[in-house]
There are 2 protein chains.
Amino acid sequence: MITSKKTSRPRASKLARPSGPARHPVPAHVLRSFTPARHDHRRCVSAALSKADATCNASGRRLTPLRRRVLELVWRSHTPVKAYDLLAALGREREQAAPPTVYRALDFLLEAGLVHRIASLNAFVGCGEPGPGHTGQFLICTACGTVAELDEPALSKTIAASAERLGFEVRRETIEIAGLCAGCRRRGAD
Amino acid sequence: MITSKKTSRPRASKLARPSGPARHPVPAHVLRSFTPARHDHRRCVSAALSKADATCNASGRRLTPLRRRVLELVWRSHTPVKAYDLLAALGREREQAAPPTVYRALDFLLEAGLVHRIASLNAFVGCGEPGPGHTGQFLICTACGTVAELDEPALSKTIAASAERLGFEVRRETIEIAGLCAGCRRRGAD
DNA sequence: GAAAACAGGTTAGATGATAACATCAAAGAA
DNA sequence: TTCTTTGATGTTATCATCTAACCTGTTTTC
Ligand SMILES: [Zn+2]
Ligand SMILES: [Zn+2]
Ligand SMILES: [Zn+2]
Ligand SMILES: [Zn+2]
């Protein structure tokens with residue numbers, strides 16, 4: 001884990017730019033997702049928790065200790081977490097933990113836009129950029145399990161155009177791309 | 001169901017064209033999906049079964065009576081079917097039907113590309129255009145439950161470009177767009 | 001025909017998610 | 001403050017989805 005703690009914000013454009021004519025810069029949190037060995041994950045966690053505090057305060061939602069703890073557990077890695085794994089983790093630190101405990105916390109976090117559900121995996125990941133009107137677009141590495149969240153307006157636009165032609169009104173997008181991340185490709189994962 | 005059985009193929013272009021400058025024609029099976037009252041669904045079913053026979057023959061797969069029957073049940077509508085509904089339907093017509101019966105049949109049909117799994121619904125739909133290298137892109141009406149399959153190269157291309165920038169190798173796309181179909185919008189569904 | 005591969009039956013259980021009701025704490029109203 | 005309402009969590013039970021493991025019979029292949 002390399003830290004570089006000083007600068008107030010890691011500059012995405014500095015780190016990114018693998019080659020192509022990137023029309024818009026790759027967000028920092030995406031990069032961190034796919035460089036698990038090379039980043040200080042504690043920063044991801046604390047950033048996520050701060051943002052959660054902020055957005056909940058702003059929207060009048062109550063980020064209770066339990067909910068906050070579940071969010072923290074979700075953020076233990078960039079790999080999607082199963083509800084029952086969360087349940088097990090909770091069970092280790094408090095006596096009372098039943099399925100509804102964790103599912104209710106997850107419902108809250110989903111509602112608040114702090115986590116996303118990965119439908120194709122029945123699992124949950126923390127959202128790196130919580131905010132309104134942001135739909136989940138995910139790259140999922142089948143080798144290391146890491147999930148990176150995209151935010152490609154072009155993608156949504158293409159979908160909107162397609163839907164438009166059929167008179168279809170888009171409400172929710174579920175986009176989950178499975179494959180191999182750069183790291184796993186390099187080390188010849190299958 | 002209104003029939004109009006005579007013409008050898010329903011003309012997509014005739015029915016479609018809601019307004020826009022459709023860059024490529026909307027495939028017939030997509031249109032049929034979203035006009036449930038206006039098409040002879042028996043044609044969908046028999047077409048699907050013929051194609052299934054053909055592709056299985058071509059690829060040396062065995063479309064056994066059970067598998068064929070499950071496919072037929074999946075095709076009872078353009079609405080995704082739950083595995084346990086299939087199981088119940090099977091149970092009504094034969095004595096022996098347990099979960100593995102239907103899940104194994106579904107696995108086969110998925111493998112053969114004859115049905116798709118809708119991850120966001122834990123359900124299955126028949127594939128209108130079975131064939132290799134074709135990834136699922138779905139529009140799902142939350143009001144009437146109808147699912148239409150898209151095949152938008154532009155969409156895949158956009159995803160590929162995005163993935164490229166991150167060095168990500170795409171293997172499988174899960175694209176499920178929930179919303180309202182034209183019909184349900186007209187009749188003011190929510 | 002024997003061996004191998006495959007389809008399906010059968011039993012049991014793992015995993016994922018929710019319903020319904022009880023209890024307690026926080027937020028608002030009187 | 002005290003009452004009231006709302007919301008968060010505990011608790012129990014159950015439903016829903018999916019799979020492992022083992023067995024039997026049927027095709028394929030040699
Ligand atoms: Zn991290
Ligand atoms: Zn990876
Ligand atoms: Zn039809
Ligand atoms: Zn509809």
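Letters A, B, ... mirror the listed sequences (proteins, then strands); counts begin at 1. A quick note: this is a predicted structure, and the numbers were derived from the prediction, not measured.
As rounded to whole Å, 11 Å separates atom P of C:dG16 from atom CG of A:Leu121. Residue B:Arg68 contributes atom CZ, which lies 14 Å from atom P of C:dG8 at whole-angstrom precision. Counting to the nearest Å, the C1' atom of C:dT15 and the CG atom of A:Leu87 are 12 Å from each other. Computed from coordinates, the A:Leu90 CG to D:dT11 P distance equals 14 Å when rounded to whole Å. Put simply, CG on A:Leu63 is 17 Å from P on D:dG7, counting in whole angstrom units.
Distance CG/A:Leu86 to OH/A:Tyr103: 9.0 Å, rounded to 0.5 Å. Put simply, CG on A:Leu139 and CD1 on A:Ile175 are 10.5 Å apart, with the number rounded to the nearest 0.5 Å.
Dashed line: the shortest gap from a side-chain N or O of A:Lys82 to OP1 or OP2 of C:dT15 is not under 4.0 Å. The side chain of B:Asn122 places an N or O atom within less than 4.0 Å of a non-bridging phosphate oxygen (OP1 or OP2) of D:dC18.
Using modelled atom types, no side-chain atom of A:Thr146 and backbone atom of A:Thr79 make a donor-acceptor pair closer than 3.5 Å. Not a single donor-acceptor pair under 3.5 Å links the side chain of A:Glu173 to the backbone N or O of A:Gln137. Proximity of a side-chain donor or acceptor of A:Glu72 to a complementary backbone N or O of A:Leu49 within less than 3.5 Å is not detected. Judged purely by atom type and a 3.5 angstrom limit, A:Arg67 has no side-chain atom pairing as donor or acceptor with the backbone of A:Phe108. The closest donor-acceptor contact from the side chain of A:Lys51 to the backbone of A:Gly128 lies under 3.5 Å.
Proximity of B:Ile177 to B:Leu150: side-chain heavy atoms (C-beta onward) are nowhere separated by under 4.5 Å.
The C1' atoms of five pairs define one axis at each end of the helix from C:dG1-D:dC30 to C:dA30-D:dT1, and these two axes lie 30° apart (to 10°).
The base of D:dC18 lies close enough to the side chain of B:Tyr84 for a donor and an acceptor atom to sit less than 3.5 Å apart.
The cluster map of Ile, Leu, Val, Met, Phe, Trp and Tyr, joined by side-chain heavy atoms under 4.5 Å apart, puts A:Val102 and A:Leu71 in the same cluster.
If you check every strand for non-hydrogen atoms under 4.0 Å, A:Arg117 touches sugar and phosphate atoms only.
For the residue pair B:Arg61 / B:Ser59, a side-chain donor-acceptor distance below 3.5 Å is found, with atom types taken as modelled.
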Next item on the list: Could you encode protein contacts along nucleotides 25-30 of chain D as a string, one character per nucleotide from 5' to 3', using B for base contact, S for sugar-phosphate-only contact and - for no contact, with a heavy-atom cut-off of under 4.0 Å?
Entry: --S---
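Non-hydrogen atoms lying under 4.0 Å from DNA chain D are contributed by B:Pro99, B:Pro100, B:Tyr103, B:Arg104, all within residues 92-109 of chain B.
Taking each heavy atom of A:Cys141 and A:Leu180 in turn, the nearest pair found is SG-CA, 4.0 Å.
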